[in-house]
Novice: 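Here it is, the structure in full.
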Amino acid sequence: MVKTSVLHQPHLLIPHEDHSQQTQESISLKLKEQECMSLSKKCSSLKELKQVHCHIVKFGLFCSSLCSSNLLLSCVQSSWGSMDYACSIFNQIDDPGCFEFNMMIRGYVRDMDFDEALFLYHQMLDMEVVPDNFTYPFLLKACARLRDVKKGVQIHGHVFKYGYEDDVFVQNSLINFYGKCGELRECCCVFEKMEQRSVASWSALIAAHARNGLWVECVGSFRDMIREGCWRPEESILVSVLSACTNLGDYNTGQCTHGNLIRNMCGHNVVVETSLLDMYLKCGYLKKGLYLFDSMVEKNHLTYSVMISGLATHGCGAEALVVFSKMLKEGLEPDDVVYVGVLTACSHAGLVEEGLQLFNRIKNEHMIEPTIQHYGCLVDLLGRAGRLDEALQVIKNMPMEPNDVVWRSLLGACKTFSNIQLGEIAAEKLMQMKLINASDFLVLSHIYAEARRWKDVAITRTKMAESGLTQTPGFSFVEVKKKIYKFVSQDMAWPQCNGVYDMLHQMEWQLKFEGYSADTSQVLLDVDEEEKMERLSRRSQKLAIAFALIHTSEGSPIRIHGQNVSELLVHVGLVMPASPNVTANRLESSGNRKSRKQHSLGPAIIRVAYQS
DNA sequence: TTAGGGTTAG
């Protein structure tokens, strides 16, 4: 279709009524002014805008604020607009006012030229042009993007000076600015002082908490928002809240959010559904995740990425590779993160040859330069398969300096395959990097203990103490009847301990009957087998399971949590929900128990397996 | 007479 230029509509430019000489001239000018304004709005390209600009100049109308302002507006707000051209229009305006400055500031912010936007603001003040309530949201956005607290605080001062502290748009911009800069105290302070809040105010606050990892506060703000009746199911809010639920392992709120979504949101939304999928998978609900994944109308590369990593974490390596093939068939290009998921899947499922082939495809087929994470996966893949020398060769030949994660991965593999020599090399590297932790020392002493080199065990323990590192006893939380209970390994002082230890013995007897024998080599002490068995039975997860078996009914679910999540929840008095898909006497492992994380795969939720 | 806030997922 050939587009007709706005200038090829002559009726728009010609005045048609007949009046007395003076009135006629005035009306004619007015009409021309209105028509030029109308033409500015109708422009669909910079070329057309330039033509309209010519006509405005030709009719002597550029001094009309109506014409020049609308021309500038059109140039700044259109997708085809140009700040260079906007600048030439602006420079031709004799006496630019607040609106013109606002438009220029807005344009610079849109073009990510934040310093220029702030410079223009100061020029505006120098020219004694008084800013208005529209000026500040643009400026605060610039400061937020720059993460420049100092400049933003100055602007906040100007907001007070010019009396716009009660403008809801300015306040929302301030919440966003402080949130993006990590200044949560100021962020909440602005929010608290607001007399009227919009959905955007809540959205900015919720996003600020989520962005800064304040997951409990994020979910709390979401609940407050619903309580105050200021609720609208919006993508950004739902995604922030789901992200918080995922990190907290708060399946209950996550599921309620899903319910809200079904009731209030029209149709499917790939972004929200992908967040939901991530929440289900990281909370341990693989079946629900798979159901959601299959029912999704639209899937993008992030959806596939979440599903692949989720399957990998749950120990379903082969299934993860099927999803990866499906992704490629859909024509979606994998990125570096997808490949981390794919390699993790291979690593956890022992698919060594497939993993090696896939590693080569990263660069050869998809032109992605392998990152240190990919090399880490490769070391892990070979290490888990017992190909320790090859893993060391990968470390030696990788194009970047190996980090602690890579050496730790090799150290872990050395423990699995009892390789003292390489284990010592890996531990030494970690020491040289000054990144060795208590767990690394313990792994090394485990390697020595297995070889019954008790002297080296003692030396390693001494080195650990000399490094100021101490072994903190493991602890687990279990949720029973909406209350969370904490169990510390080897702790005999718990009030309910009699019942718990009776149950532990019952569990052990039943496991023995099923043919399970405990691996006492995990106990690094030079004590007899009976003592080792006793120590194993007092691990915090087992204590928690025993307690839950006593206090829950047959078939009800048991969820055990690691310290990171539950400590936080206990602190704020939140309780974790029960999961409906795990039965108490048939717990499933959420993946290969020997698996170690190469990258963050979610909260520290442990689904404990005590079957052999 | 024109303009402003929240963009979140692996």
Side-chain angles (χ1 to χ4, degrees), chain A residues 33-34 37-38 40-41 64-77 97-107 109-110 131-141 144-145 164 167-177 179-180 187 190-191 194 197-211 218 221 225 230 232 234-247 269-279 281-282 299-310 312-313 327 334-342 344 599-602:
Chain A
E33 195 179 43
Q34 280 177 1
M37 208 174 81
S38 167
S40 298
K41 287 178 189 167
S64 148
S65 162
L66 213 60
C67 288
S68 54
S69 298
N70 278 286
L71 196 67
L72 190 62
L73 173 65
S74 218
C75 190
V76 166
Q77 75 172 5
C98 180
F99 179 79
E100 288 76 26
F101 272 104
N102 286 351
M103 284 304 94
M104 290 300 288
I105 292 170
R106 175 190 167 180
V109 173
R110 197 194 64 174
D132 65 9
N133 50 333
F134 284 83
T135 314
Y136 293 103
F138 301 132
L139 292 171
L140 288 165
K141 192 183 258 184
R145 293 280 181 89
Y164 299 118
D167 184 287
V168 72
F169 285 81
V170 176
Q171 288 166 322
N172 292 344
S173 303
L174 281 166
I175 295 169
N176 180 46
F177 157 70
K180 282 221 170 89
C187 171
V190 174
F191 183 83
M194 286 177 84
R197 292 161 187 151
S198 64
V199 177
S201 320
W202 287 100
S203 171
L205 184 76
I206 289 168
H209 284 138
R211 198 179 296 118
C218 179
S221 303
M225 182 181 80
C230 194
R232 206 165 59 205
E234 292 199 358
E235 187 182 294
S236 65
I237 296 173
L238 289 169
V239 171
S240 294
V241 173
L242 281 169
S243 160
C245 294
T246 306
N247 282 281
N269 180 311
V270 67
V271 181
V272 179
E273 284 181 331
T274 302
S275 304
L276 203 53
L277 178 67
D278 194 35
M279 187 276 293
L281 294 173
K282 284 189 180 151
K299 296 182 187 96
N300 59 24
H301 88 282
L302 286 176
T303 319
Y304 278 98
S305 183
V306 167
M307 194 67 237
I308 291 165
S309 296
T313 320
M327 176 184 180
D335 64 9
D336 58 330
V337 186
V338 172
Y339 262 110
V340 170
V342 169
T344 307
H599 60 290
S600 172
L601 288 170

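Proteins come first, then strands; the chains are lettered A, B, ... in the order of their sequence lines, and each starts at number 1.
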Novice: Touch check for A:Thr274, heavy atoms < 4.0 angstrom, all strands: base, sugar-phosphate only, or nothing?
Specialist: base
Novice: Please state how far atom CD1 in A:Ile206 lies from atom C1' in B:dA9, giving the value in whole angstrom units.
Specialist: 16 Å
Novice: Verify the contact: side-chain N or O of A:Asn133 to OP1 or OP2 of B:dG5, cut-off strictly under 4.0 Å; return yes or no.
Specialist: no
Novice: Please check the phosphate of B:dT7 (OP1 and OP2 only) for any side-chain N or O of A:Lys180 closer than 4.0 Å.
Specialist: yes
Novice: Please state how far atom CD in A:Gln77 lies from atom C1' in B:dT1, giving the value in whole angstrom units.
Specialist: 12 Å
Novice: Side chain of A:Asn102 only, please: which of B:dA3, B:dA9, B:dG5 is the nearest?
Specialist: B:dA3
Novice: B:dG10 base to A:Ser305 side chain: any donor-acceptor pair below 3.5 Å?
Specialist: yes
Novice: Tell me every residue that passes side chain to side chain contact (heavy atoms under 4.5 Å, CB included) with A:Asn176, counting only those two or more places apart in sequence or in another chain.
Specialist: A:Ala144, A:Lys180, A:Arg211
Novice: Check side chain to side chain contact (heavy atoms under 4.5 Å, CB included) between A:Ser198 and all other residues, then give those that pass, not counting sequence neighbours.
Specialist: A:Val168, A:Asn172, A:Ala200, A:Ser201
Novice: Given B:dG10, B:dA9, B:dT2, which nucleotide is nearest the side-chain atoms of A:Leu73?
Specialist: B:dT2
Novice: Take atom CG of A:Asn300 and atom P of B:dA9, then tell me their distance rounded to the nearest Å.
Specialist: 13 Å
Novice: Assign A:Val338 to base, sugar-phosphate, or nothing according to its heavy-atom contacts below 4.0 angstrom with the strands shown.
Specialist: base
Novice: Taking the side chain of A:Val306 as its heavy atoms from C-beta onward, which of B:dA9, B:dT7, B:dG10 lies nearest to it?
Specialist: B:dG10
Novice: Has the side chain of A:Asn172 got a donor or acceptor that lies under 3.5 Å from a partner of the other kind on the base of B:dG4?
Specialist: no
Novice: Look up atom CG in A:Leu140 and atom CZ in A:Arg145, then write down how far apart they are to the nearest 0.5 Å.
Specialist: 13.0 Å
Novice: Give one of base, sugar-phosphate or nothing for A:Asn70, where a contact means two heavy atoms less than 4.0 Å apart.
Specialist: base
Novice: When you measure from the side-chain N and O atoms of A:Arg106 to the phosphate of B:dG4, is any distance below 4.0 Å, counting only OP1 and OP2?
Specialist: yes
Novice: When the distance from CZ of A:Phe101 to C1' of B:dA3 is rounded to whole Å, what number comes out?
Specialist: 16 Å
Novice: Donor-acceptor check, side chain of A:Tyr164 to backbone of A:Pro131, threshold 3.5 angstrom: yes or no?
Specialist: yes
Novice: Is it the case that the side chain of A:Ser74 and the backbone of A:Ser40 share a donor-acceptor pair, with hydrogens and angles ignored and the cut-off at 3.5 Å?
Specialist: yes
Novice: Report which part of the nucleic acid A:Ser69 touches: base, sugar-phosphate, or nothing (heavy-atom distance under 4.0 Å, all strands).
Specialist: base
Novice: Under the 3.5 Å rule, do the base of B:dG5 and the side chain of A:Ser198 count as making a donor-acceptor pair?
Specialist: yes
Novice: Kindly say whether A:Val340 contributes a backbone atom to a donor-acceptor pair with the side chain of A:Thr344 at under 3.5 angstrom?
Specialist: yes
Novice: Looking at the side chain of A:Ser243, which of B:dG5, B:dA3, B:dA9 is the nearest nucleotide?
Specialist: B:dA9
Novice: Reckon A:Lys141 touches a base, only the sugar-phosphate, or nothing at all at heavy-atom distances under 4.0 Å?
Specialist: sugar-phosphate
Novice: Please give, in whole Å, the distance from B:dG10 C1' to A:Leu242 CG?
Specialist: 14 Å
Novice: Looking across every strand, which nucleic acid part, if any, lies under 4.0 Å from A:Asp336 by heavy atom: base, sugar-phosphate, or nothing?
Specialist: nothing
Novice: Nearest to the side chain of A:Ser275, heavy atoms from C-beta on, is which of B:dT7, B:dG4, B:dA9?
Specialist: B:dA9
Novice: How many Å lie between CG on A:Asn247 and C1' on B:dT8, as a whole number?
Specialist: 13 Å
Novice: Before you tell me yes or no, could you show the steps for A:Asp278 and A:Ser275 under side-chain hydrogen bond (donor to acceptor under 3.5 Å, both in side chains), namely the whole-Å CA-CA distance, both residues' side-chain angles and the distance that decides it to 0.1 Å?
Specialist: CA-CA 5 Å; A:Asp278 194 35; A:Ser275 304; over 6 Å; no
Novice: Mind calculating the distance between CG (A:Asp132) and P (B:dT1) to the nearest angstrom?
Specialist: 17 Å
Novice: Check every strand shown and say whether A:Phe134 touches a base, only sugar-phosphate, or nothing at a heavy-atom separation below 4.0 Å.
Specialist: base
Novice: Check every strand shown and say whether A:Val199 touches a base, only sugar-phosphate, or nothing at a heavy-atom separation below 4.0 Å.
Specialist: base
Novice: I want to verify a distance call: between B:dT2, B:dT7, B:dA3, whose nearest atom is closest to the A:Ser236 side chain?
Specialist: B:dT7
Novice: Look at the side chain of A:Glu235 and decide which nucleotide, out of B:dG5, B:dA9, B:dT8, has an atom nearest to it.
Specialist: B:dT8
Novice: What is the distance, rounded to the nearest whole Å, between atom CG of A:Leu276 and atom C1' of B:dT8?
Specialist: 14 Å
Novice: Looking at every strand, decide which applies to A:Thr135 at a 4.0 Å heavy-atom threshold: base, sugar-phosphate, or nothing.
Specialist: nothing
Novice: Looking across every strand, which nucleic acid part, if any, lies under 4.0 Å from A:Val170 by heavy atom: base, sugar-phosphate, or nothing?
Specialist: base
Novice: Using the rule for Phe, Tyr, His and the six-membered ring of Trp, do A:Phe99 and B:dT1 stack at under 5.5 Å and under 30°?
Specialist: no
